[in-house]
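Notes follow once the structure below has been shown.
Here is how names work: the chains are called A, B, and so on, in the same order as the sequence lines, proteins then strands, and each is numbered from 1. Computation of the quantities below employed the complete heavy-atom set of this structure, encompassing side-chain atoms and omitting hydrogens, waters and symmetry-equivalent molecules.
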There are 2 protein chains.
Amino acid sequence: MADSLNERSQNILEAIVEDYITSAEPVGSRAISRKHNFNLSPASVRNVMADMEEMGLLCSPHASAGRIPTGKGFQYYIDTLLEVRDLNRSEKQNLRNSYRFKNMRMEDIMQEVGRVLSGLSQYTGLVMAPKFISTVFRQIEFVRLSQGRILMIYVSETGLVQNKVIQADRTLTTHDLEKISNYLNSELNGLTIHQIRAKLNQELQDDRIVYDQLKKQALSLSCAALQDEIEDQLYVSGTSLMLGQPEFSSAEKMKKMIQTLESKKLLIELLDQGQSAQGVQIFIGSESSHVDLEGCSLITSNFSNQKGAIGALGVIGPVRMNYSGVVPIVDFTAQLVSRVLDRETEKD
Amino acid sequence: MADSLNERSQNILEAIVEDYITSAEPVGSRAISRKHNFNLSPASVRNVMADMEEMGLLCSPHASAGRIPTGKGFQYYIDTLLEVRDLNRSEKQNLRNSYRFKNMRMEDIMQEVGRVLSGLSQYTGLVMAPKFISTVFRQIEFVRLSQGRILMIYVSETGLVQNKVIQADRTLTTHDLEKISNYLNSELNGLTIHQIRAKLNQELQDDRIVYDQLKKQALSLSCAALQDEIEDQLYVSGTSLMLGQPEFSSAEKMKKMIQTLESKKLLIELLDQGQSAQGVQIFIGSESSHVDLEGCSLITSNFSNQKGAIGALGVIGPVRMNYSGVVPIVDFTAQLVSRVLDRETEKD
DNA sequence: TTTAGCACTCACCTCGATGGAGTGCTAACA
DNA sequence: TGTTAGCACTCCATCGAGGTGAGTGCTAAA
């Protein structure tokens, strides 16, 4: 995309981005020429900077301030210059020890992951629980509520509990429901929601089913229960942590950020977008993408167990984020969570 | 508590509080004497104000500013001067129409209530779901996870689903679990958790139980499942709304507020405190109570169905809150929610 | 091609002056 | 005795002037 830079320009861009990441202030030519020993005078650095400003990689808030990287500048840095090292053994062990998953519900695990992510990164942690449609069936139960409504409780193979209220035939007795759930539990065990839906559609076509009362009721109930999507669950933690960053020092910007995090919709959308990708992804909320995320970056990774229950986790913070520090944490955490999901699935 | 005020002082205090509620700025003697037709000169008003300042009901941010009510001043206003009118029929109908509870899960209802409360009040809505211990048993199910862990799913009579992972005897088969849950579902139906715990303790004393394998297993499992508390669930909505208030105009204060709302612990504590009370309660977070809530007020009310499932809802905002507008909303919403809980319980 | 030098720009800080809102006090008045 | 007009006083907010420092762009020399 950007015209390619020669090595010197790259070095200078890298230095500017990294200085800016730690200081959050415009970086001047003198600082660059002194701190990093390029053996270049400030004047030379200025020339390079002027070129990069023209290319749209840098900008200056006003005439006599230093330069700050633009969204495009950060993008270039991330695509070309950023070197992400793997965590070493003891770092991995530390990270593992940060997480306490013992005897936790799936919900608690997700929340814990968010909390740790945000604590380690000092930004805001995001975790999207495995999507309903990608989960594998383990068990379903029905509870009769008043007025013909039925509470459906679905447990996925990883122990994720989701529930939903459905309107159903008033004549169904508790005993009927029990028979139906028994039937479904034996029929659907081990299938993904995807497969289940295919199966349901197929059986809907089958005329013979009208003769089997139980099957018919089971079919209509499971259609109501499993055909529609269930809303994604997004856990946001450490909102206040991120607000310590200088980019949110003005009350105005802080409020906007909170609004964005609170509505969740946009975040879910973004996490969805990276769903087909493998490994860590970085979104930069510059002019291009959504207005509400201007000035923010999102580092995410998917996690999934072997059967394919797909969720996502990550960290959202200012564009001026410590990428080299946060990326490996997000990456390894996603691997850890994937492994935990697999452990849940294990038969003993 | 405060030395009683004569009528004129009361009128002036009321005027000051109400002016301050709408303007968020210190109120001067001239404004009071002009806008409200007490037929008093500013000088007279000043005399009264000076007295009330001495009594601790007012204070002035600096020598040449007007007065603002202190926490104590607000307390006096709320205790003595505030007149809360009931909503009229059409207002009630409007409020009823704001809530869409149809085919919603308990969780969704709680969330919806929070959203509407915050939307109507322009402050932050809080809803604490009925406490586990106060709920009435409807159904329990067990799902085997890996490594001898069992997922317990508990549904209360109002349709509130709670789950928990317990460590149990590895030898329990799915079939055993089914028998146990059937047994428990018939034994415990309609009992409160309170009653169930008493029953469990009693049976633990009973030696004969060792001879009945099923009963023994059921007992140990339900102890693990129902004996401990389950964490309270608090729904917080409209955080960003409240941040529009001028008291949070500084980034510093905004951040503090977010932290308080995010940690939830303190809020749950406060909502718990009002649990024995009836009707609407108002907490003023002045010097007396917790530091984190300085400058905030909390308007809450409990809700409960006839069987006693107790939760709480309310609104948190700056001390300078529109009490006369918000109190009736909180009050009537609590009544509505109570009625919804009862409807859930109804047999059809 | 690089660099030293220099003029220039602009944010930021401080300082002092000004104006306005509101108070407290005092003395006069009903 | 309570109320009020008048007045001096206090303090904040705003504005503009002036100085400072960081950093730039340009030019000419090495």
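Donor-acceptor pairing under 3.5 Å is lacking for the side chains of B:Gln245 and B:Tyr123.
Of the listed nucleotides (C:dT9, C:dT2, C:dG20), C:dG20 has the atom at the smallest distance from the side chain of B:Ser64. Checking C:dG22, D:dG2, C:dC10 against every side-chain atom of A:His62, the shortest atom distance belongs to C:dC10.
Partner of A:Cys296 under the side chain to side chain contact (heavy atoms under 4.5 Å, CB included) criterion, out of A:Met321, A:Arg320, A:Met257: A:Met257 alone.
For B:Ser41 and D:dT4, a side-chain-to-base donor-acceptor distance below 3.5 Å is absent, hydrogens and geometry of angles not being considered. Donor-acceptor pairing under 3.5 Å, judged by distance alone, is present between the side chain of A:Arg46 and the base of D:dG25.
At the phosphate of D:dT4, OP1 or OP2 sits under 4.0 Å from a side-chain N or O atom of B:Ser44. Contact annotation: B:Arg67 reaches the phosphate of C:dT23 (side-chain N/O to OP1 or OP2, under 4.0 Å).
Ring geometry for B:Phe38 versus B:His36: interplanar angle under 30°, hence parallel rather than tilted (30 to 60°).
Nearer the 5' end of DNA chain D, as judged by each residue's closest nucleotide, is the contact made by B:Pro42, out of A:Ala31 and B:Pro42.
A straight line from CD1 of A:Ile32 to C1' of D:dT24 spans 15 Å, rounded to a whole angstrom. Taking atom CE of B:Met49 as the reference point, atom C1' of D:dT4 lies 16 Å away to the nearest angstrom. When the C1' atom of D:dG25 is taken as reference, atom CZ of A:Arg30 falls 17 Å away, rounded to whole Å. In this structure, A:Glu53 atom CD and D:dG23 atom P are separated by 15 Å, rounded to whole Å. Note: CZ (B:Arg8) to C1' (D:dT1) measures 12 Å, nearest angstrom. To the nearest angstrom, P of C:dG22 lies 11 Å from CG of B:Asp19. Atom-to-atom, CG of B:Leu58 to P of C:dG24 comes out at 11 Å; the value is rounded to the nearest Å. Atom-to-atom, CG of B:Asn47 to P of C:dG24 comes out at 9 Å; the value is rounded to the nearest Å.
Judged by distance alone, with hydrogens and angles left aside, the side-chain atoms of A:Glu262 form a donor-acceptor pair with the main-chain N or O of B:Gly238 at under 3.5 Å. In terms of modelled atom types and a separation under 3.5 Å, the side chain of B:Thr300 and the main chain of B:Leu271 share no donor-acceptor contact.
The residue B:Ser29 sits close only to the backbone: its heavy atoms come under 4.0 Å of sugar-phosphate atoms, none of a base.
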